[in-house]
2 protein chains.
Amino acid sequence: MNLKQVKALTFDVFGTVVDWRHSIIREGEQIGRQKGLTVDWEEFANKWRNGYVSLVGEVKNGERAWTTVDSLNRLSLNKLLREYQINDQFTENEKDNFNRVWHRLLPWPDAIPGLTWLRKRYILATLSNGNISLLVNMAKYSALPWDCIFSAELVKAYKDDAHVYQMAIHLLGLQSYEVMMVAAHTYDLDAAKRQGMQTAFIWRSQEELQRPHKSKYDIVCDDFLALAQKLDA
Amino acid sequence: MNLKQVKALTFDVFGTVVDWRHSIIREGEQIGRQKGLTVDWEEFANKWRNGYVSLVGEVKNGERAWTTVDSLNRLSLNKLLREYQINDQFTENEKDNFNRVWHRLLPWPDAIPGLTWLRKRYILATLSNGNISLLVNMAKYSALPWDCIFSAELVKAYKDDAHVYQMAIHLLGLQSYEVMMVAAHTYDLDAAKRQGMQTAFIWRSQEELQRPHKSKYDIVCDDFLALAQKLDA
């Protein structure tokens with residue numbers, strides 16, 4: 001496809017824009033120090049994310065009714081706190097607050113400079129499974145310069161459901177080839193491609209085991225600054 | 001209600017944030033000079049807006065299927081160009097472009113300084129009948145600092161339908177009294193009040209015939225800077 005046709009970029013958020021793992025480890029360690037807990041917070045963060053992914057799977061299979069990522073994260077957190085036998089160390093308010101660490105995820109170092117550059121030429125939107133309030137709070141907390149916030153919540157589905165991508169294309173009032181999906185996950189880009197969108201893979205080494213071949217997507221690169229360079233070229 | 005409970009402000013856009021009338025007059029005059037047309041562009045702008053309002057009425061009455069504001073504006077424009085007997089002076093592309101003047105409306109002088117101030121403390125969202133792409137393009141064109149773009153398009157309805165206000169409250173993940181509707185039109189604020197939202201009336205003298213009594217809404221003031229002062233007080 002022709003990169004010159006791109007008018008808007010839609011971004012996956014968890015893992016692509018923000019470093020969920022280290023943001024959670026950091027807050028976990030703070031809580032652990034305050035409460036005197038001995039927890040491997042890296043393992044905890046990974047299990048929390050895996051719990052979410054597995055619950056999304058249940059929604060996709062029809063085993064579970066659609067609900068927000070906030071609710072899925074909370075279910076996953078409840079289970080983990082029991083597994084680590086630290087559930088009684090947290091009040092309900094403290095659990096609510098810890099669950100909202102997903103609203104306070106910090107961007108990868110290249111994200112804000114890259115987005116700021118890209119925003120001069122393109123409409124920048126989120127296209128995340130995260131619910132709208134989560135994405136709005138995160139954008140304010142981490143100063144992410146979005147033009148608009150799109151979420152799979154708007155169609156009560158989860159990526160890679162085609163409705164999610166079609167919703168964004170439609171609400172932007174654009175043709176599919178005028179919208180480029182930017183993500184660190186191949187399943188997301190493969191789905192966007194099936195909808196006729198352009199695709200940019202960002203290599204975040206903790207998110208995918210392998211860097212895909214450069215022929216697989218319209219752009220394959222290492223960060224948002226490289227993305228901006230390739231799009232301006 | 002208690003102003004200290006407010007966490008997010010939702011804004012009507014046409015007339016409240018942007019001065020649609022003078023933006024249209026300005027572009028109309030430019031086109032008029034280029035094409036040598038003798039048109040009263042103030043009357044034209046008012047008739048265009050009235051045409052839109054009347055078409056929204058048809059949608060609300062069930063006489064017309066829901067469609068975007070872009071489409072309603074275009075229907076209204078087509079009718080007007082024939083009425084002024086200047087339809088054959090415009091190519092289809094020129095009509096499309098003129099119709100998109102609604103994507104290029106300029107803010108009232110207090111809007112950007114006021115929003116910039118308010119944004120430090122509150123989530124700022126549009127809550128407009130304007131379709132998402134119109135609002136996104138306008139925000140980029142006029143540098144309006146929104147945290148998120150909500151539109152009646154998301155529920156395929158028009159204000160003052162209760163679903164429009166409920167959608168915004170719900171997507172923000174807030175209680176109704178934590179969200180304040182800001183508008184220059186009483187019908188809009190009255191509807192927001194019925195949903196339990198807080199309300200701020202902004203007096204734009206060309207939008208309402210009378211300034212309502214200050215007891216009618218939580219805030220009644222003259223511009224966004226006064227709004228920011230009253231909310232910080």
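For the numbers below, each heavy atom of this structure counts, side chains included, while hydrogens, waters and symmetry mates do not. Letters go in sequence order (proteins before strands), and every chain restarts at 1. Note that the structure is predicted; figures quoted are calculated from it, not measured.
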K.L.:
Which residues, numbered in order, of residues 14-21 of chain A come under 4.5 angstrom of chain B by heavy-atom distance?
P.N.:
none
K.L.:
For chain B, which residues from residues 143-165 of chain A have at least one heavy atom closer than 4.5 Å to it?
P.N.:
A:D147, A:C148, A:I149, A:F150, A:E153, A:L154
K.L.:
What parts of residues 67-74 of chain B touch chain A if we use heavy atoms and a cut-off under 4.5 Å?
P.N.:
none
K.L.:
Looking at every heavy atom in both A:G173 and B:S133, which two are closest together, and how far apart are they?
P.N.:
N-CB, 4.1 Å
K.L.:
For B:K7, does the NZ atom sit with more than 12 other heavy atoms under 6.0 Å from it, leaving out its own atoms?
P.N.:
no
K.L.:
Among residues at least two apart in sequence or on other chains, which ones pass salt bridge (charged side-chain N to carboxylate O under 4.0 Å, His left out) with B:D223?
P.N.:
none
K.L.:
Does NZ belonging to B:K79 count more than 12 external heavy atoms closer than 6.0 Å?
P.N.:
no
K.L.:
Please report the closest heavy-atom contact between A:R119 and B:K140, naming both atoms and the distance.
P.N.:
O-NZ, 3.0 Å
K.L.:
Answer yes or no: does atom NZ of A:K60 have more than 12 heavy-atom neighbours from other residues, nucleotides or ligands under 6.0 Å?
P.N.:
yes
